[in-house]
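Worksheet for the structure shown next.
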Amino acid sequence: MTNRGTGKDEMKKLRLDEEMRIRIYLLIILVLSFHYYLRCIFVDNDFFQAVMFFDIDDTFMDWFNCLVDFKGNPYAGEYGCNYPAAAVLLFKLCRFGIPEYMLEEGANSLRRFQSPWIVFLLYNGIVTWILSISVSHKLKLKPWDRNLFFLVFLFSFPAMFALERGNIINLAFVLTVFFYSYYDDENKVLKELAFLALALAAGIKIYPAVFGLLLLRQWRIKECIRTAVYGIVSFFGPFFCFGGWSAVKSFIKGIFSFSSDRATVTKEISDTVVASTYGGVEKLVRFLDMEAAPTTSVMSRDYGYNFSFKNIINVMQEILGIHISDGIASMALLLISIILLMTAFKTREKWKELLSYTLLMILLPSFSGAYVTMFLFIPFIEFLNDRADNRQKVKRSGMDYLYALIMLLILTPWALPNVRIFSTDIQPGPLTESYLVYFLCIFAFTLLMLYEGLGCLIKKCRMQKMGDKG
């Protein structure tokens with residue numbers, strides 16, 4: 001009886017120690033975040049631009065511009081808008097709450113009126129509510145610590161950047177969180193809603209579809225097929241409100257022209273993985289029976305806001321004074337993608353699987369806006385759950401603390417100065433040291449996941465050799 005009682009006491013002590021570590025960790029992130037905002041408010045307002053977008057006259061740009069621009073058929077021109085039709089329908093729905101004469105005033109003037117703000121606040125209220133119920137269901141922390149987590153999220157760099165832009169990626173994000181929270185639920189209705197949520201997220205922003213691999217890894221083929229069907233319908237279906245296949249072709253051309261508009265130094269998209277594998281953008285254009293669209297990348301102009309692999313490589317080249325050919329960079333990205341997928345399918349830790357999917361989502365696109373880092377909160381939730389889980393009472397390795405440090409660095413807004421070697425003449429704003437920290441964090445996460453994947457591969461090879469000897 002004494003030994004059993006002693007064992008229970010030790011388990012309780014370990015659990016309390018783990019809870020206290022999580023609480024202190026979240027408090028540190030929160031204090032550092034508040035330090036940034038207080039420094040910006042009371043010391044130097046210019047430090048807001050160390051993290052936020054450079055254009056101080058166009059806050060909530062994506063929201064108000066889309067409300068004004070999505071009048072009529074946005075895919076009717078030669079180059080359609082670069083938003084999927086599901087997102088366009090959402091903005092058209094919001095336009096019903098705003099008188100036409102206000103919309104005709106233009107995006108800047110629209111901010112003077114009440115109706116657009118009411119619609120914007122209602123939208124963000126619904127998004128926050130979905131996030132709240134999803135995280136509360138999934139996060140295995142005590143109520144006080146859960147409140148700390150929500151504060152960390154609200155004041156984090158990714159969440160604040162997305163809110164300041166007014167980008168609907170926050171809706172795609174919360175729908176993905178809803179999927180992550182309920183895709184394994186015992187309630188069949190909630191589980192099916194989770195599949196629909198991921199499909200809608202992919203319909204709005206495309207890249208959340210990568211989290212569908214959660215179903216594939218568990219070999220839940222029927223559910224995977226159902227989710228894929230939902231995704232295809234949610235993505236392609238809305239285009240038939242704007243002309244069907246012609247709208248799809250216009251949308252694709254709009255994506256290419258979007259890259260062209262943002263670039264100042266021309267680089268063909270054909271040096272990306274997709275283009276290298278399938279013969280380039282030209283083949284895709286011919287397949288879709290379209291005229292060739294301008295195909296340039298955004299690498300030379302968006303150093304501070306682009307988290308894609310190609311942009312991070314370009315930043316490294318500028319700082320280190322080295323040259324990496326586009327072919328080598330593309331092959332490296334292909335190899336990294338394969339190893340990340342292998343890591344996701346072989347690792348025993350759920351949060352590492354989720355981190356691998358998130359890194360794929362961030363690194364692969366030619367332009368990966370800073371708000372995409374908001375999806376790092378999904379593996380972060382699982383990381384905290386792993387620590388809070390009563391069954392995981394093992395001694396933490398130094399690698400766990402390294403992961404925690406990197407997550408702290410990338411979630412926290414930092415008031416750091418500009419990097420002088422990057423000229424403001426060739427980009428919309430200077431690259432700040434804050435973004436160098438964030439880029440290094442993504443790079444470090446990628447290296448650690450590659451190490452994890454290679455470790456899994458080596459372990460599998462050793463087991464096969466032992467099996468052959470046996």
**OP:** Output all residues satisfying side chain to side chain contact (heavy atoms under 4.5 Å, CB included) with K138, sequence neighbours left out; order by chain, then residue number.
**Re:** Y180, S181, I381, E382, N385
**OP:** Please list, chain by chain and in numerical order, all residues satisfying side chain to side chain contact (heavy atoms under 4.5 Å, CB included) with I24, sequence neighbours excluded.
**Re:** M20, I28
Original post:
Hey, does the side chain of N167 reach the backbone of A162 with a donor-acceptor pair shorter than 3.5 angstrom?
Top reply: no
Subject >> Nearest non-hydrogen partners of P208 and L198, listed with the distance >> reply: O-CD1, 3.3 Å
Which residues pass the ring-ring contact (aromatic ring centres under 6.0 Å, His included) test with [X], sequence neighbours left out?
| X | result |
| --- | --- |
| F178 | Y182 |
| F150 | none |
| F153 | F173, F377 |

For residues 440-451, which side-chain donor-acceptor pairs fall under 3.5 Å, sequence neighbours excluded?
residue : atom : partner : partner atom : Å
T446    : OG1  : I442    : O            : 2.7

Subject >> D185: salt bridge (Lys or Arg N to Asp or Glu O under 4.0 Å) partners, not counting sequence neighbours >> reply: none
Going by atom type alone, with no hydrogens or angles, which donor-acceptor pairs under 3.5 Å involve a side-chain atom of residues 88-96 and a protein atom two or more places apart or on another chain?
residue : atom : partner : partner atom : Å
K92     : NZ   : F70     : O            : 3.1
K92     : NZ   : G72     : O            : 2.7
R95     : NH1  : L67     : O            : 2.5

Could you tabulate the donor-acceptor pairs under 3.5 Å formed by side-chain atoms of residues 228-240, not counting sequence neighbours?
residue : atom : partner : partner atom : Å
Y230    : OH   : E192    : OE2          : 2.6
S234    : OG   : A199    : O            : 2.7
S234    : OG   : Y230    : O            : 3.2
S234    : OG   : G231    : O            : 3.0

**OP:** Scan for ring-ring contact (aromatic ring centres under 6.0 Å, His included) pairs involving residues 337-365, sequence neighbours excluded, and state none if there are none.
**Re:** W351-F383, W351-Y403
Subject >> Ring centroid separation F120 to W63 under 6.0 Å >> reply: yes
Original post:
Tell me, which pairs form a salt bridge (Lys or Arg N to Asp or Glu O under 4.0 Å) where one or both residues lie in residues 145-168, sequence neighbours left out?
Top reply: R23-D145
Subject >> Summary of salt bridge (Lys or Arg N to Asp or Glu O under 4.0 Å) pairs that have at least one residue in residues 352-379, sequence neighbours excluded >> reply: R217-E353, E349-K352, K350-E353, K352-E452
